[in-house]
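Here's the structure we're looking at; comments come further down.
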Amino acid sequence: MAELGVPMRIALPHGSLLKDKELPPPALAAASGEAARPGFEAGTADEFLDAPGALAQKVAALAELVRGARHCVAYTGAGISTAAGIGDYATKAHASITPDLKKDQQEWPDLLPTRAHFVLTAMHREGLLHGWVQQNHDGLPQKAGLPQSAINEIHGSWFDPSNPTVGFGGALREDLFAELLASELRCDVCLALGTSLCNTPSTADRVALAPALRSAGALPGPRGQGPSGLVIVALQRTRLDHLAAIRIYAPLDETLAALAEALHLDVDTCAPHDAAAAAGPDGEGGSCEVRVGDEAVIACGPDRGTPVRVGTRTCSGDWELQLGPVGGAPRRRALLGRWWCGGPTPRQTPLLPAGSSVPAVPSLANLLPKLPPQAAMMLGLPPGARVQGESPVAGGLAEVLAALEGLWDGSAASADASPSRPAQPMRLVLAGAEGAEAGAQGARLFGAGYSAWPAAAATGAAGCTFFVVQGDCRSDGRVRLRQFWECCHGSGDQGSSCEYLGQLVRQPDGGAIRLAGAWLQDGGVGGPRSGAFVWERRAACWAGRWAPEPPRRSHRLALSVVPPLLFGAALPEASSEEGGRPRLLRGSFSPRSPDMAEGLAMPFELWEHRVLPPGGSSTPPDSWIAAQRRSCDVRAVHGTLQCHRPSGLSILLGADSVELMLTGQPLPAIDVRTSQDELGQALRLFSRKPR
């Protein structure tokens with residue numbers, strides 16, 4: 001064990017931006033031989049402190065970095081809330097620098113924000129902080145005045161019944177994970193504050209890893225980007241210290257108070273957020289109007305559809321809720337934060353009126369009735385009761401292709417999983433590799449997608465998020481696809497693959513289309529596996545096949561432009577490239593209001609991967625980073641999405657100086673003007689600014 005006061009002896013102890021500064025290294029302040037986070041990528045729980053002079057220079061450099069950031073994101077862990085009285089997992093040293101202020105767990109929902117929370121809120125108010133990814137559940141940012149729409153509580157919240165706390169490996173809310181993926185691409189400066197960065201199963205660390213790799217030259221940087229990278233403020237060492245642009249060893253409240261002074265921020269810590277008072281005694285005036293005795297259902301998330309009864313308010317002004325009972329389970333208690341009632345309207349309301357129709361959480365049990373009989377037999381499962389009125393989409397190859405090209409939402413479940421275990425959610429976009437030739441019986445398909453639950457590991461390895469697909473369809477509606485997942489750093493796995501065999505069917509209403517069947521995985525760590533999948537076609541005419549006019553194969557894309565994320569696939573330039581697999585595309589919109597003068601216009605940045613990238617948020621080897629510096633496998637494409645009225649044309653401008661149009665035929669049930677209005681609303685919500 002090292003001695004107290006002994007300087008740290010590692011390369012770049014202050015970060016890459018300060019490597020030329022002659023600063024004293026941080027010194028050991030509290031020793032501990034225990035692992036900070038057993039079972040994860042974390043070191044010992046030793047604590048270090050910067051010398052006062054070194055800390056002052058680091059804060060000055062941090063202020064300069066924040067001022068020049070295009071999209072600065074705070075990524076906060078348990079360490080930001082210990083000063084409020086909430087205990088953490090990683091503090092193990094007996095003589096810890098962190099004061100022992102831990103309160104009883106029953107008091108945690110009533111605790112007040114720390115100075116660090118108020119400083120970050122002031123940065124957001126002044127336009128210096130553009131996003132906040134919160135790993136904690138405590139609601140302290142909102143109590144400090146941060147709007148609910150400005151925070152991504154990726155691991156759940158005590159104050160949002162639609163976003164319950166997520167255990168290690170648990171299912172994440174799909175919309176929040178999509179926002180995380182978009183933040184990963186937009187973020188040029190990440191402030192990792194009080195987090196161990198130990199690569200948890202949610203892969204949320206990706207929002208910190210991406211800007212670190214950008215500043216290291218292993219990923220493309222945004223157009224016009226100045227200094228950027230990862231800033232880590234924590235007392236303990238982390239696995240990403242060697243990739244940090246600035247590394248600070250100091251208490252968070254002290255560091256952010258100094259940052260607020262350097263940025264000349266007006267930080268008011270005496271007026272915690274109280275939207276309940278602004279909303280009136282009955283909670284009226286916000287996006288979620290509730291009164292004592294009201295009945296509702298949870299709108300989204302893993303508990304969606306659960307009945308709710310509104311109780312009284314707590315001493316802090318939050319609403320007590322009674323959830324359930326559901327399926328014989330007893331009632332549960334939950335809270336609704338006072339900020340949901342009054343103030344700015346959040347992106348997603350947590351409650352809907354009682355009796356609202358909310359789709360059930362997919363599982364093997366409710367996927368089975370939607371499978372074609374032959375798929376159930378293939379899996380050795382009893383066929384479920386067929387939906388009356390369903391009919392195969394089998395009117396010829398042109399009809400099948402028109403039904404397939406577009407955006408799909410669905411899920412996959414393993415045949416050996418518990419029938420009630422939630423299925424792994426997926427979103428993907430498909431397009432035809434060529435048109436339907438007269439008399440042809442089949443056509444080739446390609447596309448890409450992602451899963452919002454990387455830890456589920458149903459059809460791919462744990463930690464993988466994105467995949468590409470290729471295959472073919474038949475004129476009778478049969479579809480075969482091969483799915484190729486990302487690989488993981490250090491796993492030795494080149495990316496698992498899975499085959500999907502399905503049948504296109506049309507719902508009894510004559511409009512909705514479903515692709516359902518069986519998936520088969522040849523090998524991997526657990527040997528051959530199989531399961532069921534059900535995908536539903538989304539009625540969106542801004543996702544599908546994009547191509548120039550006249551069409552050229554080399555510029556054909558399968559792409560979804562549904563905010564906040566762009567994703568899809570491009571056909572390889574040569575059939576020999578990576579075995580002819582499609583290239584993965586992933587991107588995000590620039591966070592600004594769309595121009596509504598003559599339609600819609602929104603700038604975007606898109607990454608094109610020549611090979612499938614490493615998945616998850618595990619630490620990349622130095623050899624991989626060096627190889628990417630020499631020959632990056634990722635190319636950045638910048639452009640603008642335009643949707644013109646009244647024609648309804650959707651056009652991508654600026655991709656290799658080629659104008660790409662959405663050329664696939666929309667479903668008959670889609671009204672172009674309505675779809676354009678939906679896209680405009682989605683873009684405005686994404687930009688979080690009034691029209």
Review point. Would you call the rings of W158 and H137 parallel, tilted or perpendicular, where under 30° means parallel and over 60° means perpendicular?
Key: tilted

Review point. Going by heavy atoms in the side chains, are R206 and T465 under 4.5 Å from each other?
Key: yes

Check your understanding: If only atom types and distance count, is the side chain of D633 paired as donor or acceptor with the main-chain N or O of R610 below 3.5 Å?
Key -> no

Point to revise | 4.5 Å side-chain heavy-atom contact, F589 and E605 | key: no

Review point. Hey, what's the ring geometry for W607 with H609, parallel, tilted or perpendicular (30° and 60° as the breaks)?
Key: perpendicular

Review point. Are F533 and L515 side-chain neighbours, meaning at least one heavy-atom pair lies under 4.5 Å?
Key: yes

Practice item. Could you tell me the separation between the CG atom of L571 and the CD atom of Q470, rounded to the nearest 0.5 Å? Key: 9.5 Å

Check your understanding: Do side-chain atoms of D205 reach the backbone of S617 as a donor and acceptor pair under 3.5 angstrom?
Key -> no

Practice item. Starting from the C-alpha separation in whole Å, work towards a yes-or-no answer on ring pair (Phe, Tyr, Trp, His ring centres under 6.0 Å) for Y450 and F467. Key: CA-CA 6 Å; Y450 68 92; F467 57 83; 8.2 Å; no

Check your understanding: Going by atom types only, do R421 and S363 share a side-chain donor-acceptor pair under 3.5 Å?
Key -> no

Review point. How far does CH2 of W485 sit from CD of Q521, to the nearest 0.5 angstrom?
Key: 10.0 Å

Exercise for review: Quick one: closest heavy-atom pair of V297 and P307, and the distance?
Suggested key: CG1-CA, 4.2 Å

Review point. CG/L335 to CZ/F159 distance, rounded to the nearest 0.5 angstrom?
Key: 6.0 Å

Review point. Is it true that R537 and D409 have a side-chain N and a carboxylate O under 4.0 angstrom from each other?
Key: no

Review point. Any donor and acceptor pair, going by atom type alone, linking the side chain of S451 with main-chain N or O of P425 inside 3.5 Å?
Key: yes

Check your understanding: Taking C-beta and beyond as the side chain, do D160 and R173 meet within less than 4.5 Å on heavy atoms?
Key -> yes

Check your understanding: Taking atom types as modelled, is there a side-chain donor on S202 or H155 under 3.5 Å from an acceptor on the other?
Key -> yes

Review point. Would you say the side chain of T195 lies within less than 4.5 Å of the side chain of Y75, judging by non-hydrogen atoms?
Key: yes

Check your understanding: V534 and L371: side chain to side chain contact (heavy atoms under 4.5 Å, CB included), yes or no, with the steps?
Key -> CA-CA 7 Å; V534 175; L371 296 185; 4.2 Å; yes

Check your understanding: Is a side-chain N or O of W132 found less than 3.5 angstrom from the main chain of T76, in a donor-acceptor match?
Key -> no

Review point. Would you say the side chain of V611 lies within less than 4.5 Å of the side chain of R581, judging by non-hydrogen atoms?
Key: no

Exercise for review: Tell me, with the steps shown, if R514 and R506 meet side chain to side chain contact (heavy atoms under 4.5 Å, CB included).
Suggested key: CA-CA 6 Å; R514 173 187 298 150; R506 195 179 298 276; over 6 Å; no

Review point. Does a side-chain heavy-atom distance below 4.5 Å link Q483 with Y500?
Key: yes

Check your understanding: Under a 4.5 Å cut-off applied to non-hydrogen side-chain atoms, are L336 and P350 in contact?
Key -> yes

Review point. Under 3.5 Å, side chain of R304 to main-chain N/O of P359, donor-acceptor pair present?
Key: yes

Review point. For the residue pair L213 and P620, what are the closest heavy atoms and their distance?
Key: CD2-CG, 3.8 Å

Exercise for review: Might you work through the side chain to side chain contact (heavy atoms under 4.5 Å, CB included) test for E179 and V133, ending with a clear yes or no?
Suggested key: CA-CA 10 Å; E179 288 185 8; V133 178; over 6 Å; no

**Study point:** E153 and Q148: side chain donor to acceptor below 3.5 Å
**Key:** yes

Check your understanding: Which pair of non-hydrogen atoms, one from V358 and one from A299, has the smallest distance, and what is that distance?
Key -> CG1-O, 3.8 Å

Exercise for review: Calculate, to the nearest 0.5 Å, the distance between atoms OG and CD belonging to S475 and E399 respectively.
Suggested key: 10.5 Å

Exercise for review: Look only at the side chain of Q424 and the backbone of W453, and say whether a donor-acceptor pair between them is shorter than 3.5 Å.
Suggested key: yes

Review point. Which atom names give the shortest non-hydrogen contact between A532 and L367, and what distance separates them?
Key: O-CD1, 4.1 Å

Check your understanding: Once you round to the nearest 0.5 Å, how far does CG of L565 lie from OG of S588?
Key -> 7.5 Å

Point to revise | Rounded distance [0.5 Å steps], CZ in R545 versus CZ in F446 | key: 8.5 Å

Check your understanding: What residue among R444, R480, R482 forms side-chain hydrogen bond (donor to acceptor under 3.5 Å, both in side chains) with D472?
Key -> R480

Check your understanding: Can you tell me if E295 uses its side chain to pair, donor with acceptor, with the backbone of R309 under 3.5 Å?
Key -> no

Point to revise | Which atom of F40 lies closest to which atom of C198, heavy atoms considered | key: CB-O, 3.5 Å

Review point. Salt bridge or not for R478 and D476, using N-O below 4.0 Å?
Key: yes

Check your understanding: Are E184 and R586 within salt-bridge range, i.e. N to O under 4.0 Å?
Key -> yes

Check your understanding: Does W519 reach the main-chain N or O of A413 with its side chain, forming a donor-acceptor pair under 3.5 Å?
Key -> yes

Exercise for review: With S196 as reference, evaluate E41, R37, Q135 under the side chain to side chain contact (heavy atoms under 4.5 Å, CB included) test and give the passing residue.
Suggested key: R37

**Study point:** side chain to side chain contact (heavy atoms under 4.5 Å, CB included) between L445 and V469, intermediate numbers included
**Key:** CA-CA 8 Å; L445 301 169; V469 294; over 6 Å; no

Study note, to complete from the structure: In terms of heavy-atom contacts, P564 and A182 come closest through O-CB, 3.5 Å

Review point. Ignoring hydrogens and geometry, is there a side-chain-to-backbone donor-acceptor pair from W546 to R556 under 3.5 Å?
Key: no

